[in-house]
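Worksheet: one structure, shown below.
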Number of protein chains: 2
Amino acid sequence: MKLTTKGRYAVTAMMDLALHQSDRHRVSLKSIAEHQEISIAYLEQLFALLKAKGLVRGVRGPGGGYQLTRPANEISIYEIINAVDESVDVTRCHGREDCQDGEICLTHELWTDLSSQISLFLDQLKLGEIIQSQRVREVSQRQSARCASARHTQQVAFN
Amino acid sequence: MKLTTKGRYAVTAMMDLALHQSDRHRVSLKSIAEHQEISIAYLEQLFALLKAKGLVRGVRGPGGGYQLTRPANEISIYEIINAVDESVDVTRCHGREDCQDGEICLTHELWTDLSSQISLFLDQLKLGEIIQSQRVREVSQRQSARCASARHTQQVAFN
DNA sequence: ATAATAACCAACTAATTTACTAGGTTTATA
DNA sequence: TATAAACCTAGTAAATTAGTTGGTTATTAT
């Protein structure tokens, strides 16, 4: 388990996706980039990883974009963070349990314990839960309004 | 909140300290380095931070070393990790709440929420609790034995 | 058909962080 | 007085982060 800004970007992008998608509507990286002020190219890297883990589905061409493969309630924060922070070998032992003179080290023992506790916690925390928060919804609406006005008149039907 | 290998090193070192200290006996960075296979110089950097946050006390000179300033039961994993991963500005907003057009961003809202939940969890998890684990104690004893034998005959009284 | 849109892909890069090294000074003990 | 240890400063190689650049492919609307 690792918890860095990279994971935060991924979770934020996934929140944006969950907030803006619908059956008909896919969400483009461009719109996420505008809302969240993350570069498209960086989002592309993150979504390649998220897609590889089966969390999102990409649709090409105009009107294309990304969609969650599962309901937001069934996607945990743990899954998202783990998809992008894939350095699973958080111990120097690289998963081996014989790192220290052929036996397990204290680091290993402690960190796997601690790690599994945090993982469990984050696994119970679902994307769907988080976007329920009233404050999150308020911020999201303001972001949409801001981007819509920046885009001026055209395509009112888009949001 | 950030969770990286640096924090793991700090927690591991603090565990080692908690396991080996006593009223009379301080623990030198040298012995932690031997047990945990972390370089002394790196430990020095970590302990400078831990000391700055008042988690440990250093005693100079022969027979010197470090001690916890509080009982292990009263030191949380959160405190340790936060002492060394001091990049508090986990959001790009640097603590400001007006990062996006003078208003709070979604990243900020989400991450502070999530962050505070993880922090709360890690704050309830105490150093004392973790070293109670039977497996941790077993590993620790083996480490002591290994280092004692490596040191050959001299100073048997030392461990 | 063709233009536009958006995913997808590869390679490079600056800045930061991590983990460590080197070479000291200072303080307390035996 | 020698030694052990904390304490301090500066440097550094490797890894990671957060991009940029410059494409290609697939799909849709005109």
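Naming: A, B, ... by sequence-line order, numbering from 1 per chain.
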Who passes side chain to side chain contact (heavy atoms under 4.5 Å, CB included) against Gln21(B), sequence neighbours left out?
-> Leu17(B), Val27(B), Gln67(B), Leu68(B)

Could you work out which one of dA5(D), dG19(D), dC20(C) sits closest to the side chain of Tyr9(A)?
-> dG19(D)

Minimum side-chain heavy-atom gap Asn82(B)-Lys53(B) below 4.5 Å = no

By nearest-nucleotide position on DNA chain C, the 5'-leaning member of Ala48(A) and Ile40(B) is Ala48(A)

Could you run down the sub-3.5 Å N/O contacts of the protein with nucleotides 13-16 of chain C?
none

Does the side chain of Thr4(A) get closer than 4.0 angstrom to OP1 or OP2 of dT17(D) through an N or O atom?
-> yes

Whole-Å gap separating P (dT25(D)) and NZ (Lys51(A)) | 15 Å

Do any pairs count as a salt bridge (Lys or Arg N to Asp or Glu O under 4.0 Å) and have a residue in residues 118-129 of chain A, sequence neighbours left out, and if so which ones?
-> none

Kindly say if Ser39(A) contacts the phosphate of dT20(D), meaning a side-chain N or O under 4.0 Å from OP1 or OP2.
-> yes

How close or far is atom P of dC8(D) from atom CG of Leu29(B), stated in whole angstroms?
-> 13 Å

Nearest heavy-atom pair of Leu43(A) and Ala13(A): which atoms, and what distance?
-> CD2-CB, 3.9 Å

Using whole Å, report how far CG of Asp85(B) lies from P of dT18(C).
-> 6 Å

Mark yes or no for whether Ser76(A), through its side chain, and Leu125(A), through its backbone, hold a donor-acceptor pair below 3.5 Å.
-> no

Report yes if at least one side-chain N or O of Thr5(A) is closer than 4.0 Å to OP1 or OP2 of dA18(D); otherwise report no.
-> yes

In whole angstroms, how far is the P atom of dC8(C) from the NZ atom of Lys30(A)?
-> 18 Å

Which residues satisfy the side-chain hydrogen bond (donor to acceptor under 3.5 Å, both in side chains) test with Arg70(A), sequence neighbours excluded?
-> Glu79(A)

So what does Tyr66(B) touch, heavy atoms closer than 4.0 Å: a base, only the sugar-phosphate, or nothing?
-> sugar-phosphate

What ring pair (Phe, Tyr, Trp, His ring centres under 6.0 Å) pairs are there with at least one residue in residues 58-81 of chain B, not counting sequence neighbours?
-> Phe47(B)-Tyr66(B)

Closest to the side chain of Ala41(A), out of dC20(C), dT17(D), dT21(D), is dT21(D)

Can you check the Leu43(A) CG to dA18(D) C1' distance for me, whole Å?
-> 11 Å

Respond yes when some side-chain nitrogen or oxygen of Tyr42(B) is under 4.0 Å from OP1 or OP2 of dA19(C), and no when none is.
-> yes

Which heavy atom in Leu55(A) sits nearest to a heavy atom in Ala83(A), and how many Å separate them?
-> CD1-CB, 4.2 Å

Check the interface with nucleotides 11-15 of chain D: list each N/O to N/O pair with the protein under 3.5 Å, or write none.
none

Tell me: NZ of Lys6(B) to P of dT16(D), nearest whole Å?
-> 16 Å

Report the distance from atom CG of Leu49(B) to atom P of dT17(C), rounded to the nearest whole Å.
-> 13 Å

Contacts of Tyr42(B) meeting side chain to side chain contact (heavy atoms under 4.5 Å, CB included) (sequence neighbours excluded), chain-then-number -> Lys6(B), Tyr9(B), Ile38(B), Ser39(B), Gln45(B), Leu46(B)

Spacing of CD1 belonging to Ile40(B) relative to OG belonging to Ser28(B), to within rounding of 0.5 Å = 7.5 Å

What distance do Ile130(B) atom CD1 and Ile75(B) atom CD1 have between them, rounded to the nearest 0.5 Å?
-> 11.5 Å

Using a cut-off of 4.0 Å between protein heavy atoms and nucleotide atoms, how would you tag nucleotides 24-30 of chain C 5' to 3' with B, S and -?
-> --BBBB-

Residue pairs fulfilling salt bridge (Lys or Arg N to Asp or Glu O under 4.0 Å) with at least one residue in residues 41-51 of chain A, sequence neighbours excluded = none

Check the distance between dT16(D)'s P and Leu46(A)'s CG and give it to me in whole angstrom.
-> 15 Å

